[in-house]
Amino acid sequence: MLESKLLRGNIDFVVEQLNRRNFSFNAGEFNELEDQRKILQVKTQELQNSRNTRSKSIGQAKANGESIEQLLKEVSELGEKLDNAKIQLQEIQSKISDITLSMPNIPHPSVPQGSTEDENEEVLSWPTKGPSEFDFEPKDHVDLGEMYGIDFAAAAKISGSRFVVMTGKLAKLQRALTQFMLDHHTEKNNYQETYAPYLVNSDSLMGTGQLPKFEADLFKTHLHGEEGEARALYLIPTAEVPLTNLVRDSIIDESDLPLKYVAHTPCFRSEAGSYGKDTRGLIRQHQFEKVELVQISKPSESYKVLEELTNDAEGILQLLELPYRKVTLCTGDLGFSSAKTYDLEVWLPGQNAYREISSCSCFESFQARRMQLRWKNPETNKSEFLHTLNGSGLAVGRTLVAVIENYQNVDGSITIPKVLQSYMGGLTKIK
RNA sequence: GGAGGGAUGGCAGAGCGGUUGAAUGCACUGGUCUUGAAAACCAGCAAGGGCUAAUACCCUUCCAGGGUUCGAAUCCCUGUCCCUCCA
């Protein structure tokens, strides 16, 4: 959600900035609603004021033993007018909030202009010389995985497409990756390990921006009947949702900032609108594992924190010795809530391409405003919105893909990365 | 499964139909005192919104949603969450 001052005072700027990310905003319609809102709100408040003062004087008159009949008559006439005004005001306000809740964030000035992912800007690649060549034709993770216990057919039987069953060494390797990531982020990078619910309410999804606009991307659960529907819960599409909402509706002590959370959770995405895309393999699943980093920071430090958080995620790739590149998303590729995003893309030799494995974003106060997340700024002595950030550290399923493909040998065996061997009971190779 | 109790400002905790947006304590901010700090004392201190150039002023908010009333933190109903007791 954008600042209402900005919407009222500088709408042209908003239109121009949202245009940068291909979002066209009808300022005329919005201004008209705003004008009506202003008139109705003033009128309603005036009516409330006169009702309040009159009711108060009834109390006083009674205490003095004076007659109150005249006053009672006046107030009852006010009541009806007030009710009408309130209803009208509510209608306008809900129209306005529908609009504001559906407006994406404004991109940071440093975000490159562009309309598709082709215009994302590469920041660096690691190692600098790029991924090294294989001296044989590398297989992709599906072919390799079939030999060691990745079973899409079994998953299709028990659930459907875009699910997977893994058994044996590869299942363990995924667990090893998860453990390694959690240990690294808690021990080396000082994040607080957190276990949180996988089912969340709609307020939480509203807070981080998945609702109201992207309900189709979510799996929704509810009990039977109307009452059950009213209390629907959603499967989390990312741990960003429960982690960031930990601090919804709160005022954080300056001394506790920045807050740093890490959690491993499964993530659930309906992948509506991605038909035919990445149908082969583990890349795009309805259910996948992810280790997520979330930070809550002072506004003045959030872009420093974005660099740090991205580095924390990169650290995992470097320790796993997986070639990757870091790109700044262009305005057109930016997520709804984000002001600036770095994507980390890992090299997949089986696909001969870089694929996203982490997305690290600064949301500025966009989410904080939706969820009433504040701190007391000692300089102004006022409560102000904090900044929220998150990034995958990393997407475990895709990391597994990257390990399988990058560590494959000519005989089809898979070497275990050094840092994972202790998590695999000393195993050095899957064969 | 049954029976109760509770949800109030950053925190703790009074209030239980009318000058209560809310006592008090802690925390916090400013001041006095002090070489400095602590202590003590004095003062200030909820949030959101409207209208403003800015004050002033006004509105809303005591878990959420309905209701009763001229008037609700206070009474009634529904829901959510917490706690206690009995089985």
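Worth knowing before you read on, the calculation uses all heavy atoms, side chains too, and leaves out hydrogens, waters and symmetry mates. In this text the structure is predicted, and so the values were computed from the model without any measurement. Here is the naming used below: chain letters follow the sequence lines, and residue numbers restart at 1 for every chain.
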**OP:** Could you name each residue pair satisfying salt bridge (Lys or Arg N to Asp or Glu O under 4.0 Å) that touches residues 13-34 of chain A, not counting sequence neighbours?
**Re:** A:R8-A:E34, A:E34-A:R37
Subject >> Pairs meeting criterion salt bridge (Lys or Arg N to Asp or Glu O under 4.0 Å) with involvement of residues 188-217 of chain A, two or more places apart >> reply: A:E215-A:K220
Whole-angstrom distance between [N] and [M], as gauged at atom [atom1]:
N	M	atom1	result
B:C57	B:C45	P	13 Å
B:A12	B:A27	C1'	10 Å
B:C62	B:G6	C1'	14 Å
B:G48	B:G9	C1'	13 Å
B:U29	B:A38	P	11 Å
B:C16	B:A7	P	13 Å
B:A73	B:A23	P	15 Å
B:C51	B:A43	C1'	30 Å

Write down the distance between [atom1] ([X]) and [atom2] ([N]), rounded to a whole number of angstrom.
X	N	atom1	atom2	answer
A:E3	B:G48	CD	C1'	14 Å
A:D203	B:U80	CG	P	15 Å
A:I39	B:G49	CD1	C1'	18 Å
A:K43	B:G49	NZ	P	24 Å
A:E254	B:A27	CD	C1'	15 Å
A:Q41	B:G48	CD	P	16 Å

**OP:** Show your reasoning for whether ring pair (Phe, Tyr, Trp, His ring centres under 6.0 Å) applies to A:F219 and A:H286.
**Re:** CA-CA 9 Å; A:F219 285 108; A:H286 286 314; 5.5 Å; yes
**OP:** Please determine which of A:H264, A:R175, A:Q174 meets the side chain to side chain donor-acceptor pair (under 3.5 Å) test together with A:E289.
**Re:** A:H264
Original post:
For A:E356, what residues pass the side-chain contact (heavy atoms from CB on, under 4.5 Å) criterion, not counting sequence neighbours?
Top reply: A:D343, A:S359, A:R398
Original post:
Can A:E271 and A:R162 be counted as an ion pair, charged N to O under 4.0 angstrom?
Top reply: no
Original post:
Can you name the residues that form a salt bridge (charged side-chain N to carboxylate O under 4.0 Å, His left out) with A:K340, not counting sequence neighbours?
Top reply: none
Original post:
Around atom CD of A:Q192, are there more than 12 heavy atoms of other residues, nucleotides or ligands at under 6.0 Å?
Top reply: no
Original post:
If the sugar-phosphate is the primed atoms plus P, OP1 and OP2 and the base is the rest, what is the B/S/- string for nucleotides 51-77 of chain B, using protein heavy atoms under 4.0 Å?
Top reply: S------BSS---------BS------
Subject >> A:H141 versus A:L282, closest heavy-atom pair with distance >> reply: NE2-N, 2.8 Å
Original post:
Can you find a side chain N or O atom of A:R374 that sits less than 4.0 Å from OP1 or OP2 on B:G48?
Top reply: yes
Original post:
Between CD of A:Q295 and CD of A:E308, what distance do you get to the nearest 0.5 Å?
Top reply: 5.0 Å
Original post:
For RNA chain B, what string of dots and brackets results from 5' to 3' when Watson-Crick and G-U pairs need both distances under 3.5 Å, crossing pairs get [ ], and pairs with another strand get |?
Top reply: ((((((((.[[[..)..(.....]]].(((((.......))))).(((((......))))).[[[[[..)....]]]]]))))))).
